[in-house]
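To keep things clear, I will list the structure first and then write my remarks on it.
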Amino acid sequence: MEKRNVQRCSGTTRRRRWWGLRRRWRMLGLFEINQEHEFYSFTCLMKEGLHAALQTSIDTPGPDELSAEHYKSEQTQVHKDYEMQTFAGLVFSSLRYSLDINEEEYKRSLSSDSCYLQFMSNSKSKADFFLTNDKRFFLKTQNKQEVKFLLSNLMAYMDHLEKYPHSLLVRFLGLHSIQVPNETKKYFIVMQSVFYPDERIDTRYDIKGCEVGRWTDPESTGSPVKILKDNNFEGKHIILDQKSSWLVDQVEIDTAFLRSLNVLDYSILLAHQPLHKDELDGKHSFSNLIVRTEKSMAQDSPTEEDHPTISLLGGDSFRLASDTIDSGPDHVQDIGEHSGHSIHCQEINLPSGNSTDAELHEFHAHHRRLLPNFKNSVHVIDGPELRYFVGIVDIFTVYGLKKRLENLWKSVRFPGRAFSTVSPATYSQRFCRSQGKSLDR
C-alpha cells in the first residue's frame with residue numbers, strides 16, 4: 001500500500017512538472033503542436049522526412065572536399081503521401097560537422113516523438129517558426145525566392161564561415177522542401193537556435209540600428225513573447241570588458257560580407273542571463289581554459305600541426321586561443337592569469353624558421369576568440385557578470401527595385417529619421433555604429 005502511494009505521488013509530481021513546463025512555454029510564446037494543432041500534420045511530415053534524409057546522410061559518409069556539384073545537388077525521397085527534397089545536403093552536413101553537431105544527435109532532435117513547438121512573437125515576418133522539443137534547433141518556412149538566394153550564395157556563406165569560424169552569422173544547418181500532391185510546395189530551413197539553452201533568459205531584443213517602428217510595448221497584450229527592439233534598448237549597454245573590441249570587429253566583418261551580398265534589414269538577436277557563482281568561478285579555472293582553447297581551435301577542424309601550441313611545464317600542451325595572442329610573436333598574455341598559472345613566451349612551442357609570423361598572422365586573420373565550453377558556443381559571449389546570446393539573423397532581404405522604391409517613399413514619409421530600408425552600404429555602417437554604441441567600454 002505504501003509503495004503504491006509513493007508511485008501515485010511520483011506520477012502526480014511528474015504531471016505537475018509537465019503542466020508547469022507547458023504553462024511556462026505558453027508564457028514564452030511556445031505552443032506544443034499536438035494533434036489538435038493546425039500544423040500537426042505538416043510537422044509530422046517534416047519529422048518523418050528529416051529522419052529518412054538524415055539517416056541517408058549518416059549511412060553515406062561525405063567526401064573529404066566539397067565540389068561545386070555538391071552545392072547544386074538536390075536529393076528527392078518519395079514517401080507514401082509526399083516527397084521530401086534536400087538541397088546541398090553534403091554542404092550542410094559538413095557545416096554541422098564543423099560545429100561539432102553529431103549527426104545521430106541532430107537526427108534525434110529533429111525527428112523525436114515529442115511534439116515540435118510553435119514559436120509566436122510580435123515579429124512582422126509571414127513565415128512560420130518551429131522549435132524542436134529540446135529547443136536546440138529552429139525551423140522556419142521560406143519562400144522560393146529566399147531559397148534561391150541562399151543556394152546561389154551558399155558557397156560564399158561557407159567560405160566566410162571557414163575564414164571566420166567564430167562569426168556571429170546564424171548557422172543554417174539544412175534546407176528542405178515538402179511536396180504534398182495538389183498542394184503548394186513548402187520550403188523550410190533548419191538553423192541553430194541563437195537562444196539555446198534559454199531556461200534563464202527573460203528578455204530578448206531584435207536590434208537593427210534604426211528608430212522608425214522599433215519600439216515594442218512590454219506591457220501590451222497579444223503575442224506571448226515580447227521581442228523588444230532598438231528603442232527599448234536605449235540607455236542599456238552590453239558589458240564585455242576585453243571582449244568588446246572583438247565583438248565590434250566581428251560585427252564589422254560580418255556586415256561587410258552581407259553588404260557584398262547586397263542585403264539589408266538583418267538584425268542582431270540579443271539576450272542575456274546572470275552568471276551563477278559556480279559559472280563565474282569555473283570559467284577561469286585552468287582546466288576550463290584548456291577545454292575552451294581546444295574548442296575554440298576545433299571550429300576550423302585543423303590538424304594538430306597546423307597551429308601553434310602552448311607547452312606547459314608539466315609536459316602537457318594545448319593549442320593557442322585568440323585571447324592569448326597579442327599583436328605578434330614577441331608577446332603572449334598569460335592564459336592562466338585568473339588561475340594562478342603563468343605561461344611565458346619561452347614555453348610556446350612554435351614552428352621554427354620564418355613561418356612563425358605567417359602562422360600568427362593567419363591566426364589573427366581568422367579572428368578567433370576564446371569560446372565558452374557550451375554547445376551553442378559561437379552565439380554565447382560571457383561578460384564579467386552576464387552571459388550574452390548574440391547572433392545576426394534575417395539575411396535574405398535583397399536591395400532590389402521594391403526596396404529602392406520603399407526607400408524613396410520612406411524618405412518622404414520620415415524625413416531626417418533612421419528607418420530600415422536604406423542601401424546596404426548605409427545599413428551596414430549604421431548597424432555597426434549602433435552596436436558600437438551599445439557596448440560599455
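Keep in mind that this is a model prediction, so the values were computed, not measured.
Note that CG of Leu110 is 12.0 Å distant from OG1 of Thr43, once rounded to the nearest 0.5 Å. Separating the CG atom in Leu228 from the CG atom in Asp206 is a distance of 10.0 Å, to the nearest 0.5 Å. Ser94 OG to Leu99 CG: the interatomic distance, rounded to the nearest 0.5 Å, is 9.5 Å.
In this structure a side-chain-to-backbone donor-acceptor pair under 3.5 Å is present from Asn102 to Glu105. Distance alone, capped at 3.5 Å, places no donor-acceptor pair between the Gln435 side chain and the Cys432 backbone.
Of the candidates Gln77, Gln75, His176, His176 is the only one forming a side-chain hydrogen bond (donor to acceptor under 3.5 Å, both in side chains) with Thr86. Checked options Tyr116, Phe119, Phe130; the residue passing with Phe138 is Phe119 (criterion: ring-ring contact (aromatic ring centres under 6.0 Å, His included)). Test Val398, Thr397, Thr421 against Asp265 for side chain to side chain contact (heavy atoms under 4.5 Å, CB included) and you get one pass: Thr397.
Around CD of Glu104, the count of heavy atoms belonging to other residues, nucleotides or ligands within 6.0 Å exceeds 12. Atom CD of Gln145 is surrounded by 12 or fewer heavy atoms from other residues, nucleotides or ligands within 6.0 Å.
Looking at Arg387 and Asp382, a side-chain N of the basic residue comes within less than 4.0 Å of a carboxylate O on the acidic one, giving a salt bridge. By the 4.0 Å N-to-carboxylate-O rule, Asp394 lies close enough to Lys140 to be salt-bridged with it.
Ring centroids of Phe137 and Tyr106 are separated by less than 6.0 Å, placing the two rings close together. For Phe188 and Phe39, the ring centers are positioned 6.0 Å apart or more.
For the residue pair His166 / Gln250, no side-chain donor-acceptor distance below 3.5 Å is found, with atom types taken as modelled. No hydrogens or angles considered: a donor-acceptor pair under 3.5 Å links the side chains of Tyr82 and Glu48.
Using bins of under 30°, 30° to 60° and over 60° for the plane-to-plane angle, the ring pair Tyr164/His160 lands in the tilted bin.
Counting only heavy atoms from C-beta outward, the side chains of Tyr266 and Phe431 approach each other to under 4.5 Å.
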